[in-house]
Amino acid sequence: MYSFVLGAVFLAAVQVSASLIASPDPNSYRCPHGYQFYSGKCYKVVTVAKDHAAAQAHCESTGGTLASPNSQEEIDSIMDLVGQTTAVPDLLWLGYKDETYEGTFTDGSGKVLTHPTWSNGEPNNCCGGEHCLQLYRNSGLMNDLGCHREIGFVCSACSQDLSCRCPALWHEHDGDCYRFFGLPRSFEDGEANCQSYHNAHGQPAHLASVSCQAENDFITNFIAQSWPGQGLRRTWIGFNDIDHEGNFEWTDHLAEEYTNWKSGEPNDSNNNEDCTEINFEQPGIWNDLGCQTKQSSVCKMPVFDPYGACHKLADIITHLIGQCSAALPVQ
């Protein structure tokens, strides 16, 4: 019996060690990889020059968004980090733009800049083409600039705790993070776009899998809310039989067998329909379709769980207690 218990303890130790080795760097429990924590937020200064759109895409791919400071405290935090970073360009993109309403600067989430630190005479929309906001490295003052200019930039992400388990611009639901992309893409390009995003554990997103009717309903409503007033939006999900005709699989390897096909589908029309869309003719209904068709897509990734290693350890201990109890002789 004792040899069994010792063996179980050894096995648990090996499993715990493996869990800790596989867990993220300790800093990632507070910030995504590459970010630093300042005054309740995570920031990263990027010295590689990009235009405003490319800078935003880079920040999103690392679990954040272009920084949108709206207080002197936030500006001070960014300037502290800038001072600790080498080879910082003179100009740095922030997240605000006034492309929709001239003079009203908002970020991607709709937050309005209410406490700007404008440089003298700014914003001036010089030549009618300055709609993005940049920060001066030396002074911490702001200026409007043409969005096409390639300069450095500052990313921000919320501190990773139980209230912030999804990357910026992603929506949490029932243990997963979701994001809708309206830009038409092929199935392959939609999946590649999803995989360019990761949670703080480094786990990539995929075209959404659907495990049950409740999740199908959520995704249907989520698409409608993300694209209001546009009618039924046919959208890629991750189900496909590209590898083996008739054997559908999820791109994230979900093993659930739930489906919601329209009657008569999938039919592999013209022997060329290997990918799956949702919202075919009716909300939430699935249809197989040619994978090169370009349409919107919905992505999904696991939430960041800052206590994941603890949960693994608790499971191992519970399992070990059960093994030891079973091995003890009945009194």
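One side chain, Q213 or D217, offers a donor N or O that lies under 3.5 Å from an acceptor on the other. Side chains of E74 and N70: no donor on one and acceptor on the other come within 3.5 Å. For the residue pair S61 and S196, no side-chain donor N or O sits within less than 3.5 Å of a side-chain acceptor on the partner. Using modelled atom types, one finds no donor on one side chain facing an acceptor on the other under 3.5 Å when comparing W93 with D51. Side-chain contact check for Q292 and S186: no donor-acceptor pair (N or O, by modelled atom type) lies under 3.5 Å. A donor and an acceptor atom, one from each side chain of E73 and Y38, are nowhere located under 3.5 Å apart. Of the N and O atoms on the side chains of S156 and Y35, not one donor lies less than 3.5 Å from an acceptor on the other residue. Side chains of T235 and N279: a donor-acceptor N/O pair is absent below 3.5 angstrom, by distance only. Side-chain contact annotation: Q72 with T117, donor-acceptor N/O pair under 3.5 Å absent. A donor-acceptor pair shorter than 3.5 Å cannot be found between the side chains of K41 and S77. No side-chain donor from either of H198 and Q203 sits under 3.5 Å from a side-chain acceptor of the other.
Taking each heavy atom of A208 and I219 in turn, the nearest pair found is CB-CD1, 4.1 Å. Between L113 and P69 the shortest heavy-atom distance is CD1-O, 3.7 Å. Here the closest non-hydrogen pair linking P204 and P302 is O-CD, 4.4 Å.
Within a 6.0 Å sphere centred on CD of E245, other residues, nucleotides and ligands contribute more than 12 heavy atoms. Remark: K294 NZ is loosely packed, at most 12 non-hydrogen atoms of other residues, nucleotides or ligands lying under 6.0 Å away. No more than 12 heavy atoms of other residues, nucleotides or ligands lie within 6.0 Å of CG in N270, so this atom counts as exposed by the packing criterion. Other residues, nucleotides and ligands contribute over 12 non-hydrogen atoms within 6.0 Å of the CD atom of E122.
For the pair N125 (side chain) and E130 (backbone), a donor-acceptor distance under 3.5 Å is present. With hydrogens and angles disregarded, no donor-acceptor distance shorter than 3.5 Å links the side chain of N240 to the backbone of T276. D268 contributes a side-chain N or O that, together with a main-chain N or O of N272, makes up a donor-acceptor pair within less than 3.5 Å. Remark: the backbone N or O of R234 is paired with a side-chain donor or acceptor of S296 at under 3.5 angstrom. A donor-acceptor pair under 3.5 Å is absent between the side-chain atoms of D241 and the main chain of F248, judged by distance alone. The closest donor-acceptor contact from the side chain of N260 to the backbone of W286 lies at 3.5 Å or more, if one exists at all.
Within the 4.5 Å cutoff, the side chain of L94 has no heavy atoms near those of the L66 side chain. Under the 4.5 Å side-chain criterion, counting only non-hydrogen atoms from C-beta, N199 is not in contact with C166. Side-chain contact between C132 and L145: absent, with no pair of heavy atoms (C-beta onward) separated by less than 4.5 Å. For the pair D243/E249, a side-chain contact is recorded, criterion being any heavy-atom separation below 4.5 Å from C-beta on. Considering only heavy atoms from C-beta on, C299 comes within 4.5 Å of W170 through its side chain. In this structure, the side chains of I78 and L135 come closer than 4.5 Å at one or more pairs of heavy atoms. With a 4.5 Å cut-off on side-chain heavy atoms, N287 and K262 do not count as touching. S68 is listed as a side-chain neighbour of Y96, based on a closest heavy-atom distance under 4.5 Å.
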Where do F105 and W118 land on the ring-ring contact (aromatic ring centres under 6.0 Å, His included) test, with the steps shown first? CA-CA 12 Å; F105 285 83; W118 293 116; 5.3 Å; yes
I would like to know whether H52 and F153 meet ring-ring contact (aromatic ring centres under 6.0 Å, His included); could you show each step before the answer? CA-CA 8 Å; H52 196 273; F153 52 99; 9.3 Å; no
Between T85 and T47, is the side chain to side chain contact (heavy atoms under 4.5 Å, CB included) condition met? List the steps. CA-CA 9 Å; T85 307; T47 60; 4.3 Å; yes
K300 vs E215, salt bridge (Lys or Arg N to Asp or Glu O under 4.0 Å): CA-CA, chis, key distance, verdict: CA-CA 11 Å; K300 170 183 172 182; E215 186 173 19; 2.7 Å; yes
Derivation and outcome, side chain to side chain contact (heavy atoms under 4.5 Å, CB included), residues M142 and I75: CA-CA 10 Å; M142 298 175 178; I75 291 290; 3.7 Å; yes
Apply side chain to side chain contact (heavy atoms under 4.5 Å, CB included) to residues H58 and V46 and explain how you reach the verdict. CA-CA 9 Å; H58 174 90; V46 181; 3.9 Å; yes
Please walk me through it: do S209 and D252 pass side-chain hydrogen bond (donor to acceptor under 3.5 Å, both in side chains)? CA-CA 7 Å; S209 57; D252 67 358; 2.6 Å; yes
Would V298 and R179 satisfy side chain to side chain contact (heavy atoms under 4.5 Å, CB included), going step by step from the backbone distance to the final call? CA-CA 6 Å; V298 60; R179 185 169 175 184; over 6 Å; no
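Ring pair F218/H173: centre-to-centre distance below 6.0 Å. Taking the centre of each ring, W227 and F181 stay at or above the 6.0 Å mark. Aromatic rings from F280 and W261 are positioned such that their centres are separated by 6.0 Å or more.
Cluster annotation: Y258 and F222 are assigned to the same hydrophobic cluster (Ile/Leu/Val/Met/Phe/Trp/Tyr, side-chain heavy-atom contacts under 4.5 Å, transitive). Linking ILVMFWY residues whenever their side-chain heavy atoms come closer than 4.5 Å, directly or via other members, leaves W236 and L183 in distinct clusters. Cluster membership check: L91 does not share its hydrophobic cluster with V88, using side-chain heavy-atom separations under 4.5 Å among Ile, Leu, Val, Met, Phe, Trp and Tyr. Linking ILVMFWY side-chain heavy atoms closer than 4.5 Å, directly or via other members, places Y43 and V82 in a single hydrophobic cluster. Placement of F37 and V154 in two distinct hydrophobic clusters is found when ILVMFWY residues are connected by side-chain heavy-atom separations under 4.5 Å, directly or transitively.
I278 contributes atom CD1, which lies 12.0 Å from atom CZ of F239 (distance to the nearest 0.5 angstrom). The CG atom of D107 sits 8.5 Å away from atom CG of L169, with the distance rounded to the nearest 0.5 Å. A distance of 9.0 Å separates OG1 of T251 from CD1 of I242, quoted to the nearest 0.5 Å. The CG atom of L207 sits 10.0 Å away from atom CZ of R185, with the distance rounded to the nearest 0.5 Å. Atoms CD and CD, from E265 and E277 in turn, are 9.0 Å apart once rounded to the nearest 0.5 Å. L81 contributes atom CG, which lies 11.0 Å from atom NZ of K44 (distance to the nearest 0.5 angstrom).
Screening residues 131-142 for side-chain hydrogen bond (donor to acceptor under 3.5 Å, both in side chains) gives D90-R137, D98-H131, E102-H131, Q134-N143 as the qualifying pairs, with residues at least two apart or on separate chains.
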